[in-house]
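Report on one structure; see the data block that follows.
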Amino acid sequence: MNYENRVKISGLVHFTGRKKEQKYFPFSVRHENLWTDGTTRKDFLDVRAFKQDLQEKLKDLDENSPVEISGVLRSSKGSGELYLDAEEINTPENLSTLENQVNLSGIFHVIKAQNEGITGTGKYIRFAVRQDLETGRDFLTVRVYDDELKKTLDTKNDGDTVEVEGTLRSSKGSGVNYVRCTALK
């Protein structure tokens, strides 16, 4: 099965530290959103650059440099946490508009432990989009806040195909990245 997995985000570079043995260059993109109460919410979106040319480009950037990143979501083999695997990094002089767009398809996977939660924006239901790849499986965590989307979610069974549109976000409490669902089929 061919899966859709496209992500495009923009924001400011935030360097997180790198160990010499790592095969990738880890960093975050600070993406700011206007919150429902009028304040600004900052998401720190985890990114990994595996390609050598992208690593070299990052070494030349200063903290808080504007970036636009295209890539695919992956789940860490060790922790299962989401990160963006950078395929392209652009460095515009400034960001006139911020982008944050995620498109995924795969197999609907019910998360049994802590599949519900509550945040400042309301109650959510959590599930994963499973993508079976040559290198293993990725379980890409999605949160659904919208009541109409929750009704669509109720029609899904473990193993069904699923398509998700949304934005990449980070939890205010744990900093763990997830996809906030805006459309579901």
For [X], give me all partners under salt bridge (charged side-chain N to carboxylate O under 4.0 Å, His left out), at least two apart in sequence or on another chain.
| X | result |
| --- | --- |
| Glu56 | Lys59 |
| Arg130 | Asp132 |
| Glu63 | none |

Pairs satisfying salt bridge (charged side-chain N to carboxylate O under 4.0 Å, His left out), at least one member in [range], at least two apart:
| range | value |
| --- | --- |
| residues 157-168 | none |
| residues 88-99 | Lys8-Glu99 |
| residues 101-123 | none |

Side chain Gln55, main chain Ala49, donor-acceptor under 3.5 Å: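 Yes; judged by distance alone, with no hydrogens or angles, the pair exists.
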Taking the side chain from Arg126 and the backbone from Gln114, do they hold a donor-acceptor pair closer than 3.5 Å?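 Such a contact is found between Arg126 side chain and Gln114 backbone.
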Exercise answer: donor-acceptor pairs, residues 41-48 side-chain atoms, under 3.5 Å, sequence neighbours excluded:
| from | atom 1 | to | atom 2 | distance (Å) |
| --- | --- | --- | --- | --- |
| Arg41 | NE | Asp43 | OD1 | 3.2 |
| Arg41 | NE | Asp43 | OD2 | 3.4 |
| Arg41 | NH2 | Asp43 | OD1 | 2.8 |
| Arg41 | NH2 | Ser170 | O | 2.4 |
| Asp43 | OD1 | Ser170 | N | 2.9 |
| Asp43 | OD1 | Ser170 | OG | 3.2 |
| Asp43 | OD2 | Asn33 | ND2 | 3.0 |
| Asp43 | OD2 | Arg169 | NE | 2.8 |
| Asp46 | OD1 | Ser28 | OG | 3.4 |

Note, [X] side chain near [Y] side chain (heavy atom, < 4.5 Å):
| X | Y | answer |
| --- | --- | --- |
| Arg30 | Asn64 | yes |
| Asn5 | Arg74 | yes |
| Asp138 | Val72 | no |

Once side chain to side chain donor-acceptor pair (under 3.5 Å) is applied, do any residues pair with Glu68, and if so which ones, sequence neighbours excluded?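 None.
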Considering residues at least two apart in sequence or located in another chain, which fulfil the side chain to side chain donor-acceptor pair (under 3.5 Å) criterion with Asn103?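 Asn103 satisfies side chain to side chain donor-acceptor pair (under 3.5 Å) with Gln101 once adjacent residues are dropped.
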Under a single-linkage rule joining Ile, Leu, Val, Met, Phe, Trp and Tyr whose side-chain heavy atoms are separated by less than 4.5 Å, which residues share a cluster with Phe50?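 Tyr24, Tyr83, listed by chain and number.
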For the atom pair OG1 (Thr152) and NZ (Lys185), what is the distance rounded to the nearest 0.5 Å?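 One gets 11.0 Å once the value is rounded to the nearest 0.5 Å.
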Sequence neighbours excluded - ring-ring contact (aromatic ring centres under 6.0 Å, His included) pairs with any residue from residues 115-134: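 For residues 115-134, and leaving out neighbouring residues, the ring-ring contact (aromatic ring centres under 6.0 Å, His included) pairs sorted by first residue read Phe108-Phe127, Tyr124-Tyr145.
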Considering residues at least two apart in sequence or located in another chain, which fulfil the side chain to side chain contact (heavy atoms under 4.5 Å, CB included) criterion with Leu98?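 Result, side chain to side chain contact (heavy atoms under 4.5 Å, CB included) vs Leu98: Ser10, His31, Leu95.
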